[in-house]
Amino acid sequence: MLSWIAKPFIWAHYSPGVQKIFLTLDTIIASINKNIAVIGLMLGVLITAINVFCRYLTGLFPDSIHISLTWAEEIARYCFLWSALFGAAYGFRKGVHISVTMLLEQFPPKIAKGCMIAIHTLNSLFLAFMTYTGIVVCYDNYRLGYMSEALHNVPLWIFLLCLPFAFFGATYRSIEKIYEVSWMEANQVIKNTEDEIIHDSVIKD
């Protein structure tokens with residue numbers, strides 16, 4: 001029974017065509033996560049700096065200049081939110097989230113591998129739940145017709161789309177980790193995890 005279930009996974013693992021599809025998907029998702037994280041952070045900092053400068057000018061010349069970007073604070077907040085969530089999703093691919101392997105190192109390799117698969121499975125379930133919750137939040141805001149406080153003509157749910165999209169990307173990455181660990185030799189699992197953390201903390205792409 002188990003061998004019958006495993007057949008499609010074995011075929012997919014050794015199929016160059018399937019591997020090429022997943023490699024392309026991996027590149028697309030990584031690019032989206034990384035670019036949104038960088039652009040969101042850049043825009044958030046830029047908008048905040050411009051608004052601070054405008055208020056500084058207003059303070060210097062209160063009688064002649066009254067400049068303040070009323071929308072800047074809210075937009076900057078959402079920029080940082082998008083940057084943080086998509087950056088976190090990208091972190092799953094790079095393996096840079098906090099991970100303590102000291103306890104797992106004491107286990108026999110097969111048990112350590114099973115624990116790693118269980119950890120990634122729990123992560124995937126949690127992230128999938130957060131994806132669903134993000135969709136519900138966006139739908140509720142759409143149904144209730146909530147609008148942005150600063151940009152009154154922009155629906156709030158548009159800004160909140162970062163929730164389902166970012167968590168979906170993180171879910172995919174976590175499931176990808178289950179796949180990687182499943183095919184890895186048991187005695188290489190912990191070493192590979194530690195090497196990945198060290199490598200991607202030093203080498204950037």
Fill in: Nearest heavy-atom neighbours spanning Leu163 and Gly134
CB-CA, 3.9 Å
Practice prompt. For Glu73, check side-chain hydrogen bond (donor to acceptor under 3.5 Å, both in side chains) against everything at least two apart and list the hits.
Written response: none
Practice prompt. Apply ring-ring contact (aromatic ring centres under 6.0 Å, His included) to Phe165 and list each qualifying residue two or more places apart in sequence or on a separate chain.
Written response: none
Worksheet item: Cluster question for you: counting only ILVMFWY and a side-chain heavy-atom cut-off of under 4.5 Å, with indirect links fine, are Leu160 and Tyr146 together?
Response: yes
Fill in: Arg173 with Asp26: basic N within carboxylate O range, under 4.0 Å
yes
Practice prompt. Give the other cluster members for Met147, using side-chain heavy-atom distances under 4.5 Å between Ile, Leu, Val, Met, Phe, Trp and Tyr residues; answer none if it is isolated.
Written response: none
Practice prompt. Measure across Gly40 and Cys79 and return the closest heavy-atom pair with its distance rounded to 0.1 Å.
Written response: O-CB, 3.3 Å
Discussion item. I'd like to know whether CZ of Phe168 has more than 12 heavy-atom contacts from other residues, nucleotides or ligands below 6.0 angstrom.
Written reply: no
Item to complete: Quick one: name the residues clustered hydrophobically with Ile39, using the 4.5 Å side-chain heavy-atom rule over I, L, V, M, F, W, Y, and just say none if it's on its own.
Response: Leu43
Item to complete: Find out if a path of hydrophobic residues (ILVMFWY) with successive side-chain heavy-atom gaps under 4.5 Å connects Ile175 to Tyr90.
Response: no
Worksheet item: Of all residues at least two apart in sequence or in a different chain, which pass the ring-ring contact (aromatic ring centres under 6.0 Å, His included) check with Phe159?
Response: Tyr78
Worksheet item: Which value, rounded to the nearest 0.5 Å, describes the distance between Ile178 atom CD1 and Ile119 atom CD1?
Response: 11.0 Å
Worksheet item: Between Lys20 and Leu23, is a side chain to side chain contact (heavy atoms under 4.5 Å, CB included) present by the stated rule, with each step listed?
Response: CA-CA 5 Å; Lys20 185 177 181 180; Leu23 182 61; 5.5 Å; no
Worksheet item: What residues join Phe80 in its hydrophobic cluster, counting side-chain heavy atom gaps under 4.5 Å, either direct or through other members?
Response: Leu41, Val45
Discussion item. Holding to side-chain contact (heavy atoms from CB on, under 4.5 Å), I want the full list of residues that pass it with Ile50, two or more places apart in sequence or in another chain.
Written reply: Leu46, Cys54, Leu69
Discussion item. Count I, L, V, M, F, W, Y as connected when their side-chain heavy atoms are under 4.5 Å apart, and connections chain through other members. Are Val154 and Leu144 then in the same cluster?
Written reply: yes
Item to complete: Check side-chain hydrogen bond (donor to acceptor under 3.5 Å, both in side chains) between Thr48 and all other residues, then give those that pass, not counting sequence neighbours.
Response: none
Practice prompt. With rounding to the nearest 0.5 Å, note down the distance linking CG in Leu122 to CG in Leu127.
Written response: 10.5 Å
Practice prompt. Compare every heavy atom of Ala166 with every heavy atom of Ala89, then report the nearest pair and how far apart it is.
Written response: CB-O, 3.5 Å
Item to complete: Taking the side chain as every heavy atom from C-beta outward, state whether Pro155 and Ser148 have any pair of such atoms under 4.5 Å apart.
Response: no
Worksheet, complete the sentence: Here the gap from Thr70 atom OG1 to Ile75 atom CD1, rounded to the nearest 0.5 Å, amounts to 9.5 Å
Worksheet item: Do the side chains of Ser174 and Thr171 get nearer than 4.5 Å, heavy atoms only?
Response: no
Item to complete: Sequence neighbours left out, what passes side-chain hydrogen bond (donor to acceptor under 3.5 Å, both in side chains) with Ser83? Give chain and number order.
Response: none
Discussion item. Please determine whether side chain to side chain contact (heavy atoms under 4.5 Å, CB included) holds for the pair Trp71 and Ile47, giving the CA-CA distance in whole Å, both sets of side-chain angles, and the decisive distance to 0.1 Å.
Written reply: CA-CA 10 Å; Trp71 48 266; Ile47 292 171; 4.0 Å; yes
Worksheet item: Going from CG on Leu81 to CG on Leu85, what distance comes out if it is rounded to the nearest 0.5 angstrom?
Response: 4.5 Å
Response to the item:
So ring-ring contact (aromatic ring centres under 6.0 Å, His included) across residues 121-143, not counting sequence neighbours, yields Tyr142-Trp157
Worksheet item: So how far is it from Leu161 CG to Asn141 CG, rounded to the nearest 0.5 Å?
Response: 10.0 Å
Practice prompt. Could you tell me which residues satisfy ring-ring contact (aromatic ring centres under 6.0 Å, His included) with Phe86, sequence neighbours excluded, listed by chain and number?
Written response: Trp82
Response to the item:
Going by chain and number, the hydrophobic cluster around Ile135 (ILVMFWY, side chain to side chain under 4.5 Å) further includes none
